[in-house]
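Positions are given from 1 along the sequence.
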Amino acid sequence: MSWIKRVRENFHKENGKKEKTENGRTGDRGKEKQWEIGLLIVCLGFYLFFPFYDGPVWCRDSMSYASMDITREPLYPTLLWLFRNLFGEERYLMPVVLLQSVLMAYAAWKLAVTVKKYKGDSRFLAALAAGFQFCVVLLNRLAARRGSSYTVSIMTEGLGFPLYVLFVVQLYRYIMEGKRRNLAGTACLAFLLVNLRKQMLLTLCMMAAVFILYFLVKKREPGKLACLLLLTAALLFAGKLTDRLYNYCVRGEWMEHAGNSTGVLCTLIYTAEETDAALFQDETLKAFYEEIYARADAEGLNMAYAPEGWVGLTTHYADSYDAIGYGIVQPVIQEYIRGHGDENPVQEALRLDAYCRDMTRTLLGQKKGKIIRVVSANIWKGFVNSVARVNRFLNLYALLAYLLYIGLYVAGVRRRRCWNRPDETASFAELVFIGLGINCGVVGVTIFTQPRYMIYSMGLFYCALAVLLYDAAENLREKKRGRR
């Protein structure tokens, strides 16, 4: 019977032993899985608290999504339409915010277990990764004026935050592992995000930038890079196709959503001068400009009325942006369109876009000094709002945070000599910073960089910074041990 005893002992030994993980660390996989399941339960508990405590939050932009407004991208209005048909007009909002909350819980958990996987099964870093995502919600709920989290708001951010976090995770896993399933996941998430809000075109810019960095600058694989860039271009084309198909089904018109031509025009009106009327050859466009400029000047919405300093400038620009676009540009042009033809709302929106597009092209001929000043200040404000909030002390804090991030990244790359290969820490830091920078650039040249548009990368930034600090601390420990 001794052989039975030996078999039993071996069985228990095999099932309870410390198994090696992919990065060489040891750990009881059964206990690790239990810990990860426990973390998922914590994430679900945290995010599901808010729908039941606050309920669905109807915001200023919510009606435009629920009514399938012509200016909105297809994904979120379609989701609301689907839930409205499934649960009824009176009860569909709660299932929507429950879905958003569960998805955000999964995204926070997925980020945490991914960091844990690549950083030696560090539960500490995993908990921080999830915790930083929690902090973003708590800031929105407790510190911001809006007084509610985006996960319970009927806004695109309710889906945008979790989908963007999952997108970064999938892109990171693809860079680290090179598996097609991770690339497919990245592409699918980018496609969803592009159809959610136009700001999320940044995901395609991010994919292109990361692919160029890794497969041209680092690995020098031009053939693979060409295929990946073709995939990125195909996603852009697919997004436009979906947009047109959606509007054909809803409005009977093969068109993309309207409203894309007003954004840059608002900035150009803000920086323009009265003499820029001479740029216009078309008399109709010139008449539009003169009336729009006169109204903006009378209301103090032009750059000439901005206070000194970049904070004052960006604050005044943000306050003026919607007032110019919705309060002046659209009413002036819509009044003209309605007085010159009996057109349906779709045709009116298309003509409004056409006039705004032509005015934008003309006003790009104005002197560039003011434009550069406004856009530069706006982009920097975006960087600050991506990690903190604009005020006298936090502006300095944001600068120091970025300097620390970049310094730790450069020191880590030099120490591990990992510039030409994927690295668990450096690659994550690169992806997060590339996404943050592109978001600041994309938003900064088109609209004011308020926190609502900028905090997609906030939790990810602090997660990457924690990983960089963790590696720096590990390196110091190793040096101390070597001295002993």
Side-chain angles (χ1 to χ4, degrees), residues 43 46-51 54-69 71-80 83 93-108 110-111 132-169 189-203 206 257 259 263 318 322 382 385-387 389 435-436 438-440 442-444 446-461:
C43 291
F46 176 82
Y47 285 102
L48 287 173
F49 167 79
F50 296 97
D54 291 323
V57 178
W58 191 262
C59 305
R60 186 177 64 178
D61 293 341
S62 299
M63 179 54 73
S64 63
Y65 298 115
S67 64
M68 295 183 156
D69 189 273
T71 62
R72 296 303 183 184
E73 293 80 5
L75 181 58
Y76 203 63
T78 302
L79 176 73
L80 296 181
F83 273 64
L93 294 180
M94 190 63 174
V96 169
V97 298
L98 286 173
L99 171 67
Q100 292 175 177
S101 299
V102 170
L103 188 59
M104 190 65 236
Y106 175 74
K110 188 69 174 179
L111 172 66
F132 286 129
Q133 298 300 322
F134 293 178
C135 288
V136 174
V137 173
L138 292 175
L139 283 173
N140 292 328
R141 178 62 181 81
L142 303 175
R145 294 178 183 175
R146 68 190 320 273
S148 63
S149 65
Y150 287 116
T151 54
V152 297
S153 300
I154 306 302
M155 300 172 67
T156 51
E157 284 79 5
L159 281 183
F161 282 124
L163 291 180
Y164 181 73
V165 172
L166 290 171
F167 166 79
V168 173
V169 168
L189 288 163
F191 175 73
L192 291 174
L193 284 162
V194 166
N195 282 286
L196 182 67
R197 55 184 295 121
K198 56 180 172 285
Q199 176 190 352
M200 288 297 113
L201 284 170
L202 78 92
T203 57
M206 185 176 172
H257 69 279
D322 281 345
N385 279 336
S386 295
V387 300
R389 186 68 185 266
L436 188 153
I438 289 175
N439 188 38
C440 292
V442 168
V443 177
T446 55
I447 194 172
F448 55 100
T449 48
Q450 65 170 317
R452 171 186 167 187
Y453 304 140
M454 309 314 303
I455 59 176
Y456 286 88
S457 295
M458 181 178 283
L460 290 166
F461 174 85

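A donor-acceptor contact closer than 3.5 angstrom is absent between the side chains of Arg141 and Ser149.
Between Phe132 and Phe461, the gap from one ring centroid to the other reaches at least 6.0 Å.
Atoms CD and CG, on Glu73 and Leu193 in that order, are 11.5 Å from each other to the nearest 0.5 Å. Between Met206 atom CE and Leu201 atom CG the span is 14.5 Å, to the nearest 0.5 Å. The CG atom of Leu98 sits 11.0 Å away from atom CG of Leu93, with the distance rounded to the nearest 0.5 Å. For the atom pair CD1 (Ile455) and OG (Ser386), the distance works out to 9.5 Å, reported to the nearest 0.5 Å.
Contacts classified as side-chain hydrogen bond (donor to acceptor under 3.5 Å, both in side chains) and involving residues 94-106 (residues at least two apart or in different chains) are given here: Tyr76-Gln100.
With sequence neighbours left out, the ring pair (Phe, Tyr, Trp, His ring centres under 6.0 Å) criterion links Phe83 to Phe87. Evaluation of the salt bridge (Lys or Arg N to Asp or Glu O under 4.0 Å) rule for Asp69 yields no partner, not counting sequence neighbours. Scored by the salt bridge (Lys or Arg N to Asp or Glu O under 4.0 Å) test, Arg389 finds no partners at all (sequence neighbours excluded). Take Asn439 and apply the side chain to side chain donor-acceptor pair (under 3.5 Å) test, not counting sequence neighbours, and it matches Gln199.
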What pairs of donor and acceptor atoms, side-chain ones from residues 155-167 against any protein atom, are under 3.5 angstrom apart with sequence neighbours left out?
unit_1 : atom_1 : unit_2 : atom_2 : d
Thr156 : OG1    : Arg197 : NH1    : 2.6
Glu157 : OE2    : Arg197 : NH1    : 3.1
Glu157 : OE2    : Arg452 : NE     : 2.7

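In terms of heavy-atom proximity, Leu460 sits nearest to Gln133 at N-NE2, 3.5 Å.
Phe46 has its side chain within reach of Val137: a pair of non-hydrogen atoms, C-beta onward, lies under 4.5 Å apart.
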